[in-house]
Each structure stands twice: as structure tokens, then as C-alpha cells.
Amino acid sequence: MKWLLMFWGGPVLLLTGWYGLSYYDMSFGIFMLTRDAHDLVFRVYGRVLGIPPETIPPLVARAMVVDTIVLFGLVALRKRRQIMAWYRRRFGTAAQSPGAPASPLGSKASLSSAP
């Protein structure tokens, strides 16, 4: 899981950090964080791709969301046994046997002994 966070989360954090800082021109004296560099990068990408530069950030954001969903879907597929075991522990035996009716009062241990 640490490799997943490094190889997926690192670039995502780096890209969104750069985008946020350069969009709002918080450069801290570094040229790559200036708004001029931000506009230059998107003009170059726009010219290479043949699309207007202002359409690139929403496309990148959408791609990051889709990649995240696919990645975590693959992780969930790999760890489905552990996820199901957690689900059964969390929600009890009613989740284990779909044919058994769930008690509306909960478990017998939580019922009061009052008459």
C-alpha cells in the first residue's frame, strides 16, 4: 500500500500542488510557480494537442478522477476477501446469511431484562 501511495499519490499531490500554487501566483520566488509559467505550460500543451489551453485543466482533472476510480477498483478487487471479512464483522451475521431475517430488536444480549 505504501508503494501505491508513493506512485499514485505522489504525482497527484505534486500536480495539484503545482497547479494550485501557480494558478494563484504563489511563487515564493520560484519561476515554475508563477502565473506566467502556468500560462506558458498550458499554451505549449494546447499547441501540441491542438486544443484551446483553457480546456486542458478540466480534462486533466477528469482523467485523474477516472484513474483514481480504476486504481481503487483494482485494489478492492485484489482485497475483496479482506473487505468482505471486515463487512461481516462490522454488520454482523445478518450480512453473512442473506436468507435469515434480521431481528428488529438487535441481539438478545442488548435486550432489557425488565418485565
Side-chain angles (χ1 to χ4, degrees):
M1 193 56 88
K2 68 179 175 182
W3 292 107
L4 173 72
L5 290 176
M6 285 187 342
F7 287 117
W8 168 81
V12 168
L13 183 66
L14 187 70
L15 179 64
T16 55
W18 170 79
Y19 182 80
L21 289 173
S22 65
Y23 183 80
Y24 292 109
D25 203 14
M26 291 187 256
S27 65
F28 305 111
I30 301 170
F31 173 71
M32 252 340 262
L33 298 177
T34 63
R35 182 62 189 215
D36 294 334
H38 175 93
D39 293 338
L40 176 66
V41 165
F42 286 110
R43 271 197 312 262
V44 168
Y45 278 132
R47 184 164 292 172
V48 167
L49 296 173
I51 59 176
E54 52 276 351
T55 61
I56 296 172
L59 293 175
V60 171
R62 198 173 318 146
M64 286 172 49
V65 168
V66 169
D67 289 348
T68 301
I69 291 170
V70 168
L71 181 73
F72 283 108
L74 290 173
V75 169
L77 184 66
R78 249 184 94 118
K79 297 192 178 271
R80 65 185 176 271
R81 288 187 186 109
Q82 294 170 347
I83 293 170
M84 286 305 296
W86 170 84
Y87 182 81
R88 288 184 181 125
R89 280 192 317 270
R90 175 79 170 99
F91 295 107
T93 58
Q96 287 181 358
S97 55
S103 173
L105 300 176
S107 69
K108 290 184 178 183
S110 67
L111 295 178
S112 172
S113 61

#### Entry: Nearest-0.5 Å distance that lies between atom CE in Met84 and atom CZ in Arg88
4.0 Å
#### Entry: Distance (rounded to the nearest 0.5 Å) between Thr34 OG1 and Phe28 CZ
12.5 Å
### Task
Sort and list the pairs that fulfil side-chain hydrogen bond (donor to acceptor under 3.5 Å, both in side chains) and have at least one residue in residues 9-33, not counting sequence neighbours.
Ser22-His38
### Message
Taking transitive links into account, so neighbours of neighbours count too, which hydrophobic residues share a cluster with Trp3 at under 4.5 Å side-chain distance?
### Response
Met6, Phe7
### Query
Other than Ile83, which residues form its hydrophobic cluster under the rule that side-chain heavy atoms must be closer than 4.5 Å?
none
### Task
Is it possible for you to say whether Leu13 and Ile30 belong to one hydrophobic cluster, with membership spreading through side-chain heavy-atom contacts below 4.5 Å?
no
### Task
Consider only side-chain heavy atoms of I, L, V, M, F, W and Y, link residues closer than 4.5 Å, and tell whether Val12 and Tyr45 are in one cluster.
yes
## Note on the structure
In short, salt bridge (charged side-chain N to carboxylate O under 4.0 Å, His left out) pairs touching residues 10-20 with sequence neighbours left out are none
### Summary
Residues pairing under salt bridge (charged side-chain N to carboxylate O under 4.0 Å, His left out) where one sits in residues 2-20, two or more places apart or in two chains, turn out to be none
### Query
So which heavy atom on Met32 is nearest to which on Val41, and how close?
CE-CG2, 3.9 Å
#### Entry: Any residue meeting side-chain hydrogen bond (donor to acceptor under 3.5 Å, both in side chains) with Arg35, in chain and number order, not counting sequence neighbours
Asp39
Output a table of donor-acceptor pairs, distance under 3.5 Å, between side-chain atoms of residues 46-72 and any protein atom two or more places apart or on a different chain; print 'none' if there are none.
unit_1 : atom_1 : unit_2 : atom_2 : d
Thr55  : OG1    : Pro52  : O      : 2.7
Thr68  : OG1    : Met64  : O      : 2.7

### Message
Per the ring-ring contact (aromatic ring centres under 6.0 Å, His included) rule, what does the pair list look like for residues 48-67, sequence neighbours excluded?
### Response
none
### Summary
Sequence neighbours excluded, the answer for side chain to side chain contact (heavy atoms under 4.5 Å, CB included) partners of Ala85 is Arg89
